[in-house]
Amino acid sequence: MTTTPWHFRQTDRMFTHLCWVVLVLMTGTGCASHRDTHELLDSLLWVRTSAEYHVLSSTTYRQAGEALDRALRERTWSAMPEDTGDIANWPPAVILDLDETVLDNSAFEGWLVTQRATFSPSAWDDWVREADAPAVPGALDFIAQAHSKGVAILFITNRHAGQESSTRLNLEKLGVPLPNDFDTVLSEGEPPFNWPADKSSRRQYLANRFRILLLIGDDLGDFVSGAGDTPEQRVRLAREHSERWGTTWFLLPNPMYGSWERALVSPSLSDDDRLKAKRARAGARR
């Protein structure tokens, strides 16, 4: 049987149509776990490659070091708004967050981008157990400076208690001092306190034992309660403490994730609905 040119054209059109159908089906069914959006890509690359990120982080830590010297000279200096009593003779300490404040997890975020995947607790747990996160620029110099001046280095992290041993190993690899006589890594859910995700109770627990000179973190929740409010309320909350930013409180840049993102859209939404809500927010006027 002789095949006509018309037959070839019809077959080609049918094959092309079939390819488009398969592509649409693959895209529609895979969006929950495989995505090809760019909302994380640019912020990740900014953290991993830009001179601007390096300058901001290292400068923030340098300014924190200068504030530390002033705080040690002024015996009533405190980073805790609640401190009104006599704290002059209490042992000095600084409180730091860990993720994106001391530990740089951008390699994990990069894995999510290259895999076109969304965050999952199991993938995060695998990363934490590797205990191989490098340090945020400026963090180790600041910690060494504080340690040399006899200032206790305290960490409040929302890594879960089951991840604390891996977290400690990661810090030890980086040369961060961890004493044996006092727990300086307070994790979410850690017994016997079962700390909640809100860090205020842990800050107060430490403030009852130390004179807290500085708070250092990458998220509003590292400083105050209420970080989960609406974006507008969060800005108002930050402004209420305007005199503390850059003096007793030091904020590291983190455009990749945080309570700012959860304030935009509910984590309980599907991935598609979260992206739709973000795009709607991006197109809204201030």
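Heavy atoms only: backbone and side chains are in, while hydrogens, waters and symmetry mates are out.
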Any side-chain heavy-atom pair of Arg159 and Val185 under 4.5 Å
no

| query | Between the side chains of Ser166 and Gln163, is a donor N or O closer than 3.5 angstrom to an acceptor N or O? | reply | no

Exercise. Would you say the side chains of Asp198 and Ser200 form a donor-acceptor pair under 3.5 Å?
Worked result: yes

- Any chance NE2 of His241 has more than 12 other-residue heavy atoms, nucleotides or ligands included, within less than 6.0 Å? yes

#### Entry: Criterion side-chain hydrogen bond (donor to acceptor under 3.5 Å, both in side chains) on Asp104 and Ser106, from CA distance to verdict
CA-CA 6 Å; Asp104 175 2; Ser106 60; 2.8 Å; yes

Review point. According to the interplanar angle, ranging from 0 to 90°, do the rings of Trp46 and Tyr53 count as parallel (below 30°), tilted (30 to 60°) or perpendicular (above 60°)?
Key: perpendicular

Practice task
Kindly say whether Tyr205 contributes a backbone atom to a donor-acceptor pair with the side chain of Asn208 at under 3.5 angstrom?
Solution key: no

Output for pair (Leu214 CG, Thr247 OG1), nearest 0.5 Å, gives 9.0 Å

Do the non-hydrogen side-chain atoms of Asn158 and Arg202 ever get within less than 4.5 Å of each other?
yes

Sorted by chain and number, sequence neighbours left out, salt bridge (charged side-chain N to carboxylate O under 4.0 Å, His left out) with Glu261 holds for Arg274, Lys278

Taking the side chain as C-beta and beyond, is there a heavy-atom pair between Asn105 and Trp124 under 4.5 Å? yes

Those residues at least two apart in sequence (or on a different chain) that pass side chain to side chain donor-acceptor pair (under 3.5 Å) with Arg75 are none

Fill in: Test item: Leu40 and Glu109 side chains (from C-beta on) under 4.5 Å apart, heavy atoms
yes

- Decide yes or no for Asp183 and Phe155: does some side-chain heavy atom of the first lie under 4.5 Å from some side-chain heavy atom of the second? no

Criterion salt bridge (Lys or Arg N to Asp or Glu O under 4.0 Å) on Glu66 and Arg70, from CA distance to verdict = CA-CA 7 Å; Glu66 294 169 356; Arg70 295 194 301 272; 5.1 Å; no

From the list Ile216, Leu96, Val102, Asp97, side-chain contact (heavy atoms from CB on, under 4.5 Å) with Leu252 holds only for Ile216

In terms of heavy-atom contacts, Ala227 and Asp219 come closest through CB-OD1, 4.1 Å

Do NZ/NE/NH1/NH2 and the carboxylate oxygens of Glu232 and Arg281 come within less than 4.0 Å?
yes

Residues joined to Val235 in its hydrophobic cluster, side chain to side chain under 4.5 Å directly or through other members, sorted by chain and number, are none

Would the distance check show the side chain of Ser50 and the main-chain N or O of Val47 forming a donor-acceptor pair, the cut-off being under 3.5 Å?
no

- Thinking salt bridges, do Asp69 and Arg73 make one under a 4.0 Å N-O criterion? no

> Do Arg234 and Leu237 come within less than 4.5 Å of each other through their side chains, counting heavy atoms only?
Replying inline: no

| query | Is a side-chain N or O of Trp249 found less than 3.5 angstrom from the main chain of Leu215, in a donor-acceptor match? | reply | no

